[in-house]
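Labels below follow one simple rule: chain letters A, B, ... track the order of the sequence lines, proteins then strands, and each chain is numbered from 1.
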Amino acid sequence: MLLFDDYWKKIIESIQTAYPEVTEGDIALDRSGHCDLTFRAFQVMKKRGLSSEAVYSKVTEILGASDFIEKIESVGGYVNFTLMPSKLMEAIWKEMEGTNQYPDTFQDPERVSVEHTSTNPTGPIHIGRIRNSIIGDSLARLLARYGYRVTTQYFINDSGRQVASLYAGYRKFVKSDNPSAYDLLEGYKQATVELEAGTELNGEVDQVIRDYEKGDPETIEGIRKVCSIILDSINASLFNLGIKIDDYTWESDLIRTGDIGRIMEDLEEDLLEEAGAKYIMSNGRKMFLTRKDGTSLYFSRDIAYHLYKFQNFDWLIDVLGENHKEHASHIEYVTKTLLNQEHRLDFVFYSYVSLETGKMSTRKGQIITLDELYERAIEESLKVVKSKRPELPEESLKEIAMNVAVSAIRFHILKLNSNKPMVFKWSEALNLEGDSAPFVMYSYARASSIMRKLEGQNQAVGKNYNKEEGALIRQMYLYPYVLTESLRGLKPENVANYLLELTRKFNDFYSNCPVINALQEEKERRVLIINSYRTIIRDAANIVGLKILEEM
RNA sequence: GGGCCCGUGGCCUAGUCUGGAUAAGGCACCGUCCUUCUAAGUCGGUGAUCGUGGGUCCGAAUCCCACCGGGCCCGCCA
């Protein structure tokens, strides 16, 4: 929960005392430059047969004396409110003085699980999967900022056909006791070729699955070994992006602890059978839980996983590729309707990332790995920072380049609306100008540079703000609304877009409002503005995983 | 064939849920500004039938219907 002086809400509630039929949506942020908030009175005028003057005078009667409103105007069917920048500034400062953050957070006791990444451990993580990780990690950070107790979760699929194929490929083609993730990927690719050709390897894969579920020690040891090698590589890659997952659940553990068996018992009434394979009907479809040889399928394992999570959390959020939409709706049906789970369950879907040459495939080796993107991003930012700041020591240059690279990658992938398909282009991913992470970071560094030169400077709310100051303050004031909207829609990309918006406003301020050489009163209020801006940037940047630097 | 998602200047996007005032940015291109605080920046310019056609409405990028184009799903795969 967020705490701050909510003037928007005050206006809505005041207008509703006169016109109860007015909805929150009727009082909106103005995007046309006329004012701050606008009341669209068209419906009220029509329904009540009132003139715009009548509505205007009623609104003025209720709100005209409010200390936070600078002016109220009537234009056509709009009633326009311009707020007092000084009151907005004060509202921000009040929060920051107490808690060093705006808005203040009220700790919510709810426990939330955010499952993300959960990619099959069959090869290094690529830039398509990373969309899942970046969305999930940012969402977890957003929830944490909001005050929830968040745990991120990774469901390791070690029991399916793909990992069994990986293991079979390893045994047959990789002659190393100490293979790397890339060695294993090679074996997997070769195995895929054979499996598609229909060789006896298919039978071996079936046997691996049976042995694994039965608990054959040698198979367990072997599969866990190859999966762990790949997981370590995935985690190392994710770590470079500042992503750490709290909990890992192995699918096979759910089988061996008997969770799957218990689910089959709980679902007994709904269970149907076809040639020994068990299934249930969900939304008119046969959803198979087990194969005819009794081994489990992804669907039943995922149900077990969700039940496990329901036991430990008040709210489950899964970040899934759009191809899981159907699967998700069946999971929801089984857990909520058939198994009566009451806690909240939400899914966040994202569209796939493809290359200009077509779709990515780990099996076919048509991927750009995160490691490759990361290295090239560092290379690119190092080149830029070297030319911009040749006087800095090598160590600092490297440090800056790494932070820019992580931020640029995360920002580039996150800022796009998650249900839009994304075609990855190097030129766009490595662009460090315009609507990018360095654009935000650079502005922040300039703000910090000013502050370094004004160490110990007094700050004050002040008055007589000019246009750029007012616009920046207004944008800062809106931050809590952005967080709320972002959380409501489970859309962390809103925060990324807000960062761009806020940065543009700051840049306007920066190029029009001198600080160091300003008169005392101007200087004091501008110092407060810059400090507030820096606090909000750090806060929002942390949510989307941008690494803010004091100097770059 | 059925279902879900996407379509906004040459290219990439914001805005769509909750309809509202000249459709907001970036890339590329042309021009401007480093003797005011970091030029990864600023300012100006060129460039948009908001996929198409209907409908609802005082008002549609936004809602409804149809169609077109792209993605995804419709496995005893995951």
Give none if [N] has no partner; otherwise give the nucleotide forming a Watson-Crick or G-U wobble pair with it, both distances under 3.5 Å.
N	value
B:G59	none
B:U35	none
B:G1	B:C74

Under 4.0 Å, counting only non-hydrogen atoms across every strand here, what does [X] touch: a base, just sugar-phosphate, or nothing?
X	result
A:Asn417	sugar-phosphate
A:Gly76	nothing
A:Leu297	sugar-phosphate
A:Asp293	nothing
A:Glu485	base
A:Thr38	base
A:Met552	base
A:Ala28	nothing
A:Lys286	nothing
A:Arg301	sugar-phosphate
A:Val385	base
A:Glu24	nothing
A:Glu501	nothing

Is A:Ser511 reaching over with its side chain to a backbone N or O of A:Asn507, donor-acceptor style, under 3.5 angstrom?
yes
A:Leu528 backbone acceptor or donor facing A:Asn531 side chain under 3.5 Å:
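No, because the side chain of A:Asn531 does not come within donor-acceptor range (under 3.5 Å) of the backbone of A:Leu528.
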Could you check whether the rings of A:Trp426 and A:Phe424 sit parallel, tilted or perpendicular, using 30° and 60° as the cut-offs?
perpendicular
Could you tell me the separation between the [atom1] atom of [X] and the [atom2] atom of [N], rounded to a whole number of Å?
X	N	atom1	atom2	result
A:Tyr350	B:C4	OH	C1'	16 Å
A:Tyr442	B:U42	OH	P	9 Å
A:Met264	B:C76	CE	P	14 Å
A:Leu414	B:C12	CG	P	20 Å
A:Tyr352	B:C73	OH	P	7 Å
A:Arg285	B:C4	CZ	P	15 Å
A:Tyr533	B:C37	OH	P	17 Å
A:Glu322	B:C72	CD	P	7 Å

In terms of the nearest nucleotide of RNA chain B, which residue is placed more toward the 5' end: A:Asn323 or A:Tyr298?
A:Asn323
Of A:Phe509 and A:Lys46, the one whose closest nucleotide on RNA chain B sits nearer the 5' end is A:Phe509
Is any N or O donor-acceptor pair between the side chain of A:Ser443 and the base of B:A40 shorter than 3.5 Å?
no
Kindly say whether, by distance alone, the side chain of A:Asn80 makes a donor-acceptor pair under 3.5 Å with the base of B:A21?
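Such a pair exists between side chain and base.
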Counting side-chain heavy atoms from C-beta on, which of [options] comes nearest to [X]?
X	options	result
A:Gln43	B:A39, B:G59, B:C72	B:G59
A:Phe439	B:A40, B:U42, B:C37	B:U42
A:Tyr510	B:C17, B:A40, B:A39	B:A39
A:Ile450	B:A21, B:U38, B:C57	B:U38
A:Glu428	B:C11, B:A21, B:C76	B:C11
A:Pro421	B:U38, B:C6, B:G59	B:C6
A:Arg161	B:A21, B:C77, B:U42	B:C77
A:Ala277	B:C76, B:A40, B:C5	B:C76
A:Ser511	B:U42, B:G25, B:C57	B:U42

With the criterion set at under 5.5 Å between ring centres and under 30 degrees between planes, would B:G20 be stacked on A:Phe42?
yes
Is the aromatic ring of A:Phe288 within stacking range of B:G75, meaning centres under 5.5 angstrom and planes under 30 degrees?
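Check failed, A:Phe288 does not stack on base of B:G75.
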With a 4.0 Å limit, can you tell me whether [X] has a side-chain N or O closer than that to the phosphate oxygens OP1/OP2 of [N]?
X	N	result
A:Arg504	B:G41	no
A:Arg291	B:C77	yes
A:Lys325	B:C72	no
A:Asn507	B:U42	yes
A:Lys420	B:G7	yes
A:Lys453	B:U38	yes
A:Thr290	B:C76	no
A:Lys359	B:C72	yes

In whole Å, what separates the [atom1] atom of [N] from that of [M]?
N	M	atom1	value
B:G15	B:A60	C1'	13 Å
B:C76	B:G9	P	42 Å
B:C77	B:G19	P	46 Å

B:C68 glycosidic torsion: syn (within 90° of 0) vs anti:
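This nucleotide is in anti.
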A:Asp211 vs A:Gln207, test: side chain to side chain donor-acceptor pair (under 3.5 Å). Steps then yes/no.
CA-CA 6 Å; A:Asp211 288 346; A:Gln207 191 57 44; 2.9 Å; yes
Evaluate the criterion side chain to side chain donor-acceptor pair (under 3.5 Å) for residue pair A:Tyr444 and A:Arg538; output intermediate values, then yes/no.
CA-CA 9 Å; A:Tyr444 179 89; A:Arg538 281 196 301 268; 2.7 Å; yes
Is there a donor-acceptor contact under 3.5 Å linking the side chains of A:Asn120 and A:Thr122?
no
Decide whether A:Asp158 and A:Ser252 meet the rule of one side-chain donor and one side-chain acceptor closer than 3.5 Å.
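The criterion, which ignores hydrogens and geometry beyond distance, is satisfied for A:Ser252 and A:Asp158.
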Less than 6.0 angstrom separating the ring centers of A:Tyr78 and A:Phe42, yes or no?
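Aromatic pair counts; centres sit under 6.0 Å.
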Is the distance from the ring center of A:His327 to that of A:Tyr298 below 6.0 Å?
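Yes, the ring centres sit under 6.0 Å apart.
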Salt bridge or not between A:Lys71 and A:Asp36? Use side-chain N to carboxylate O under 4.0 Å.
no
